[in-house]
Amino acid sequence: MLSRIGVHTSVDVLFPPSVLRDALSDVEPTVEIVETAADLDECDALVTFSYDESFLDADLDWIHSIQSGVDRFPFDRLERRGIALTSSTGIHGDSVGETVVGYMLQFARRLHVHRDNERRREWQFPPWDAPFTLPGESLCVVGLGTLGQGIARRADALGVDVVGVKRTPTPVEHISRVYTPGELQEAIADVRFVAVAVPLTDRTEGSIGADEFGVMREDAYLLNVSRGGVVDDSALLDALRDDELAGAALDVFETEPLPDRSEFWERENVIVTPHAAAANREYYRRVGALVRENVRRLDANETLANHVV
Ligand code: NAD
């Protein structure tokens, strides 16, 4: 039975810690905002965005990450210390799905260019053959978990033919053909859009690089909402410079925040969003629901939801 849950101030990236604390006011354990290692002393559970070494020295039983991706946490050391780690996977399908079809619509309807022109007060009709519509276009979604399925469902509803890459090639709703990771290049070779939605792991790191851009169509767009590191940013810039691709929409980068000097900022055919594809005013409620459910499960001695280690 938990007695005190800490809400780490790092959650501030996505919502004020106080709104989550208040949303959890009905759970049995006390919920408090914690900032320093000393504040952790009384806590047996912690809800956090960032990872800090001090978490290992505290007497925690459970850490909940408010992100879906948990690549920043040291799984082995948490396991050795007997600290359970849970993630927030399952809550971003609609927000990230909408962001990705938003990118597709921007590119198809040239909205990103109109906005750039507006800033300069330039009334400029696009080249006649640049705008297109989405029905009949094609998308490959790499990774068919929460994000991937959220993207696929929305793109399918807009008339896009959606294929996908999945570790076990069983049929998935809204996906006309499922490929295995070994067939990645075949899967992305003949589509207008490639959306990347896999976690950052040893297997996926750098998995979208020069070879992949080489097989993609020259009129194709890369859409990356996964994690920096899955896509090779410097190979992507080379491909954009050499017109091997039509453009890219990027929410995540190898270095975040994206450095001022990055060429991604300057390119008209690149849409940069600040790791905000999942941003949503309801975010804290969804995290709150996951935390509440796991408080119940811990109490009932059941397996935790979204248990990582
Ligand atoms: P999820 O666990 O629901 O889905 C991930 C899927 O990827 C799983 O189905 C898994 O089997 C699959 N996968 C793993 N390795 C693969 C490979 N080599 N090839 C194909 N599929 C593979 O996670 P999710 O919520 O969909 O999030 C996916 C990742 O996206 C997260 O790990 C996180 O890094 C990132 N993310 C980013 C944002 C954002 O704001 N941009 C928001 C949420 C998640």
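When a ligand or atom number is given, it counts from 1 through the structure's own listing order. We number each residue from 1, following the sequence as shown.
Of the protein's non-hydrogen atoms, D251 OD2, 2.9 Å is the one closest to atom 41 (N) of ligand 1. The protein non-hydrogen atom at the shortest distance from atom 18 (N) of ligand 1 is T204 CG2, 3.5 Å. Counting protein heavy atoms only, atom 42 (C) of ligand 1 is closest to A278 CB, 3.8 Å. The closest protein non-hydrogen atom to atom 19 (N) of ligand 1 is P181 CG, 3.5 Å. Ranking the protein heavy atoms by distance from atom 34 (O) of ligand 1 puts R227 CG, 3.1 Å first. With respect to atom 28 (C) of ligand 1, the closest heavy atom belonging to the protein is A197 O, 3.6 Å. Protein heavy atom in closest approach to atom 1 (P) of ligand 1: T89 OG1, 3.3 Å. Of the protein's non-hydrogen atoms, the one nearest atom 4 (O) of ligand 1 is G145 CA, 3.2 Å.
Between the choices H92, Q149, R167, E205, the shortest heavy-atom distance to atom 10 (C) of ligand 1 belongs to R167. Of the listed residues (G69, G150, S226), the one carrying the non-hydrogen atom nearest atom 35 (C) of ligand 1 is S226. With atom 44 (C) of ligand 1 as the reference point, the heavy atom nearest to it among V308, L147, V165 is part of L147. When the heavy atoms of S68, P199, S95 are ranked by distance to atom 25 (O) of ligand 1, first place goes to S68.
A salt bridge links R77 to E53: at least one charged side-chain nitrogen sits closer than 4.0 Å to a carboxylate oxygen. Between D94 and R286 a salt bridge is recorded (basic side-chain N to carboxylate O distance below 4.0 Å). A salt bridge does not link R4 to D44: none of the charged nitrogens lies less than 4.0 Å from a carboxylate oxygen. One finds no salt bridge joining R177 and D161 here, because no Lys/Arg side-chain nitrogen approaches an Asp/Glu carboxylate oxygen to under 4.0 Å. Using a cut-off of 4.0 Å between Lys/Arg side-chain N and Asp/Glu carboxylate O, D238 and R241 are scored as salt-bridged.
Although no hydrogens or angles enter the test, the distance criterion places a donor-acceptor pair under 3.5 Å between the side chain of D39 and the main chain of E35.
Close approach of ligand 1 to G143 is summarised as follows: ligand atoms under 4.0 Å from at least one heavy atom of the residue are 21 (N). Close approach to H275 involves these atoms of ligand 1, each under 4.0 Å from a residue heavy atom: 39 (C), 40 (O), 41 (N).
Taking the side chain as every heavy atom from C-beta outward, I151 and F193 never approach each other to under 4.5 Å.
What you find for P181 and R167 is that their closest heavy atoms are CD-CA, 3.7 Å.
Considering backbone and side-chain atoms alike, V225 places an N or O below 3.5 Å from some N or O of ligand 1. Inclusion of K166 in the set of residues having an N or O under 3.5 Å from an N or O of ligand 1 is not warranted.
Looking at A279 against ligand 1, nothing comes within 4.0 Å, counting heavy atoms. Counting heavy atoms closer than 4.0 Å to ligand 1, residue T146 contributes atoms from both its backbone and its side chain.
A cation-pi arrangement, defined by a distance under 6.0 Å to the six-membered ring centre and an angle within 45 degrees of its axis, is absent between R281 and F15. A cation-pi arrangement is present between R72 and F49, with the terminal nitrogen or guanidinium carbon under 6.0 Å from the aromatic centre and inside a 45° cone about the axis.
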Hey, mind stepping through T48 and H64 against side-chain hydrogen bond (donor to acceptor under 3.5 Å, both in side chains) and telling me if it holds? CA-CA 6 Å; T48 184; H64 180 77; over 6 Å; no
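Between Y103 and H112, a ring centre-to-centre spacing not shorter than 6.0 Å is recorded.
No hydrogens or angles considered: nothing links the side chains of S95 and Y283 as a donor-acceptor pair under 3.5 Å.
Heavy atoms of T201 come nearer than 4.0 angstrom to ligand 1 in no pair at all. The closest approach between R203 and ligand 1 stays at or above 4.0 Å for every heavy atom of the residue. In this structure, V198 counts as a contact residue of ligand 1, since one of its heavy atoms falls inside 4.0 Å of the ligand.
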